[in-house]
Amino acid sequence: AEEVSLKQADVNLARCHVDSRADNLRVRCEVTADPFANATVVGAEVETSLRDRLEYTVGRSVEHVRVTVELAKPGDHVRVR
């Protein structure tokens, strides 16, 4: 889940937890994005990519995805790709 999150534009750091239930998955993810990124857009992109990738890879439905986005402070180190 962290690897999928880090592939999204503007995401510098990701910490995720996947909870496996009997027939589905629940995902919590905290990401740090570039200081001037739109947190709403970043969160939506991470949520969509996590849901799609996990359902495809694991073959189980994802019941809930919660993404918390924190913007890095200007001057913090930024990941360059």
Side-chain angles (χ1 to χ4, degrees):
E2 292 170 359
E3 183 178 328
V4 172
S5 299
L6 287 170
K7 288 185 178 180
Q8 299 307 307
D10 299 323
V11 174
N12 295 325
L13 179 67
R15 295 286 181 244
C16 301
H17 176 76
V18 179
D19 184 23
S20 179
R21 303 277 171 111
D23 58 345
N24 58 42
L25 303 171
R26 295 176 64 91
V27 183
R28 291 187 318 255
C29 195
E30 296 177 3
V31 300
T32 302
D34 291 341
F36 304 105
N38 182 328
T40 303
V41 172
V42 171
E45 289 176 352
V46 170
E47 179 179 342
T48 301
S49 64
L50 279 172
R51 183 180 303 276
D52 293 346
R53 177 53 83 182
L54 285 172
E55 286 179 349
Y56 176 79
T57 303
V58 180
R60 294 169 57 190
S61 67
V62 176
E63 177 186 329
H64 180 73
V65 178
R66 185 184 76 192
V67 178
T68 304
V69 179
E70 179 180 338
L71 297 179
K73 296 173 184 65
D76 282 358
H77 294 284
V78 177
R79 192 167 65 104
V80 178
R81 294 175 229 177

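Quick caveat, the model's predicted, so the values are computed rather than measured.
R66 contributes no side-chain N or O that, together with a main-chain N or O of R28, makes up a donor-acceptor pair within less than 3.5 Å. Using a distance-only test at 3.5 Å, with no hydrogens or angles considered, no donor-acceptor pair links the side chain of E55 to the main chain of R60.
Taking 4.0 Å as the cut-off between side-chain N and carboxylate O, E30 and R15 do not count as a salt-bridged pair. No salt bridge links D23 with R21; every basic N to acidic carboxylate O contact stays at or beyond 4.0 Å.
Of all non-hydrogen atoms in A1 and V18, the two that sit nearest each other are CB-CG2, 4.0 Å. Here the closest non-hydrogen pair linking P35 and L71 is O-CD1, 3.8 Å. The heavy-atom pair separating V69 from A33 by the smallest distance is CG1-CB, 4.1 Å.
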Exercise. Yes or no on side chain to side chain contact (heavy atoms under 4.5 Å, CB included) for S49 and S5, after CA distance, side-chain angles and deciding distance?
Worked result: CA-CA 7 Å; S49 64; S5 299; 6.0 Å; no
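Two residues are said to be in side-chain contact when any heavy atoms from C-beta on lie closer than 4.5 Å; V11 and V46 meet this criterion. In this structure, N12 and D34 have side chains that are in contact, with non-hydrogen atoms separated by less than 4.5 Å. At a threshold of 4.5 Å between non-hydrogen side-chain atoms, the residues V27 and V62 count as touching. Within the 4.5 Å cutoff, the side chain of V58 has heavy atoms near those of the L25 side chain. Taking the side chain as every heavy atom from C-beta outward, L50 and C29 approach each other to under 4.5 Å.
With rounding to the nearest 0.5 angstrom, the CG atom of N24 is 12.0 Å from the CG atom of L54. In this structure, CD on Q8 lies 11.5 Å from CD on E47, to the nearest 0.5 angstrom.
The environment of R51 atom CZ is dense: over 12 non-hydrogen atoms of other residues, nucleotides or ligands sit within 6.0 angstrom.
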